[in-house]
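Chain letters run A, B, ... following the sequence lines, proteins first, then strands; residues in each count from 1.
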2 protein chains.
Amino acid sequence: MRAKGRRLQRGHGESYCYQELRRAVLEGRLVPGQRLVEAELVRMLGVGRAAVRTALARLEQEGVVERAPNRGARVRLLTEQEAVEILEARAALEGLAARHAAQRATPQDLRQLRSILREMAACARKGDTFRYTECNRRFHEVLVTASRHLTAARLLDSLRAQMVRYQYRTVLAPGRLPRSLQEHRAIVDAVAAKDPDAAEASMRAHLEAVAATLREVARQTSEVAIP
Amino acid sequence: MRAKGRRLQRGHGESYCYQELRRAVLEGRLVPGQRLVEAELVRMLGVGRAAVRTALARLEQEGVVERAPNRGARVRLLTEQEAVEILEARAALEGLAARHAAQRATPQDLRQLRSILREMAACARKGDTFRYTECNRRFHEVLVTASRHLTAARLLDSLRAQMVRYQYRTVLAPGRLPRSLQEHRAIVDAVAAKDPDAAEASMRAHLEAVAATLREVARQTSEVAIP
DNA sequence: GTCAACTTTGTTGTAGACAATCTTGCAGTG
DNA sequence: CACTGCAAGATTGTCTACAACAAAGTTGAC
């Protein structure tokens, strides 16, 4: 995240700034709770303050950052309760997406899903949780794309952007990984069988299992230490 | 929508502008497709251009307005396809809300819902579709509040803000009104019975019926004239 | 030593000006 | 008559400067 040498094209400073900040949050370069001082962002991104300002407003609307009048913006920090709520909302919306995917997925979509599934299985065998998480992200992305449901896609994109902090915690729960893999298999099978009801049901079951795990993990860690 | 006499409090110009514009769209004072010239809004709202600008950015993020670089903003105009998608997303999310409402609704919430239901029945008898629509809006609002699911509430709020144009069209379909009333009754009954599954199912059935009606209405009108 | 009021510093909110870009109307040409 | 190119006006994007505010630090009285 450095100032670029050449000038940006007029009219794109704001969206550049928006995307760059969003990525920075998603990739963990900006952590929840961190202050976002406008002047600093201006230096880092090499854009005007107006662009930074409106980008922050958009990110607030999306739920990625919080702003208080005269006190600036910071990366939003979720409570466990909110994280669970977001997972529930995701379950509802990705259920819808899975239903549509079952009706509209192309053979190529299915090939892609199966390919990711194989990679996930390999990661599960090796215990490579980091790469597994990455595959998981791609899996859901491909499936939502395959649904061709732009509204659901937009909402899910914003929901996932808010979840950075809890993204990695659930897979690490003991015994969760093989189950997760199985749940993903069930989803692909239902989509491949062009069975909308089964697709939605399996997706919801999957994300509700994740929510349940998160609840469990949260309960345990809160007894030991506050992260 | 006139310039206010007294000065606005510092730090609230932007959110004032955001809310005012949002209301204007929801109440139909700004119609889909209409251009939103910054200088004009500045005059109307009595705030600085920066405030207008960031407010427009937020509204774009919410899907209420569209902006193109160097070409300004206009109130977003949905295609029927997008309207149907939004209703599908609403069905998924309000289904979730209904499920939670069945578990968390207080006696007062239920009294409010039943009161609205009675008013709706009266409107249906008299054929007062305008007031029926207003009751319908309140019904869904109360139910979402009763669910105590902030994430779903936020998402639904933004979805409803995008639907202005199609809000009134579905109730006007012949024979739809009595069915709509019955569907709402079923939802309240399920919530009152504290049956989450039934609550979710009846809400989804309701909104999917609305989506189906919209599809039907859209098909018919598109054969006659483009609205 | 403690607390309150004041000052300082860092940061945000707002206004105004200017330049880049788009749009529109018009003239000229094939 | 249709079409292209140009000029004027309108509108947006960006920059700079300054005022208002919050938080932290400092002084002074008790």
Problem - Of B:Val37 and A:Gly48, the one whose closest DNA chain D nucleotide lies more 5' - result: B:Val37
Problem - Shortest side-chain distance from B:Arg35, nucleotide among C:dA20, D:dT11, C:dT12 - result: D:dT11
Practice task
Choose from D:dT11, C:dA17, C:dT21 the nucleotide whose nearest atom is closest to any side-chain atom of B:Arg49.
Solution key: C:dA17
Practice task
In whole angstrom, give the distance that lies between atom CG of A:Asn70 and atom C1' of C:dG10.
Solution key: 13 Å
Exercise for the section: Report the distance from atom CZ of B:Arg43 to atom C1' of D:dT11, rounded to the nearest whole Å. Expected result: 13 Å
Handout entry: Whole-Å gap separating P (D:dT11) and CD (B:Gln34)
Key = 13 Å
Practice task
Quick one: do B:Arg111 and B:Ser115 satisfy side chain to side chain contact (heavy atoms under 4.5 Å, CB included)? Show the steps, please.
Solution key: CA-CA 6 Å; B:Arg111 272 199 301 277; B:Ser115 159; over 6 Å; no
Exercise for the section: To the nearest Å, give me how far apart CD (B:Glu38) and C1' (D:dT11) are. Expected result: 8 Å
Practice task
Round to a whole Å and report the spacing from CZ of B:Arg67 to P of D:dT11.
Solution key: 17 Å
Practice task
Find the distance B:Leu45:CG to C:dG13:C1' and express it as a whole number of Å.
Solution key: 17 Å
Completion exercise
Taken to the nearest whole Å, CG/A:Leu56 to P/C:dT11 is 14 Å
Exercise for the section: For atom CD of A:Gln108, decide whether the heavy atoms of other residues, nucleotides or ligands shown that lie under 6.0 angstrom number more than 12. Expected result: no
Handout entry: Enclosure of B:Arg71 CZ (heavy-atom neighbours >12, cutoff 6.0 Å)
Key = no
Exercise for the section: Could you please name the option among D:dA22, C:dT23, C:dA19 that lies closest to any side-chain atom of B:Arg71? Expected result: C:dT23
Handout entry: Modelled atom types, side-chain donor and acceptor of B:His100 and A:Glu88, under 3.5 Å
Key = yes
Practice task
Please state how far atom CZ in A:Arg53 lies from atom C1' in C:dT11, giving the value in whole angstrom units.
Solution key: 10 Å
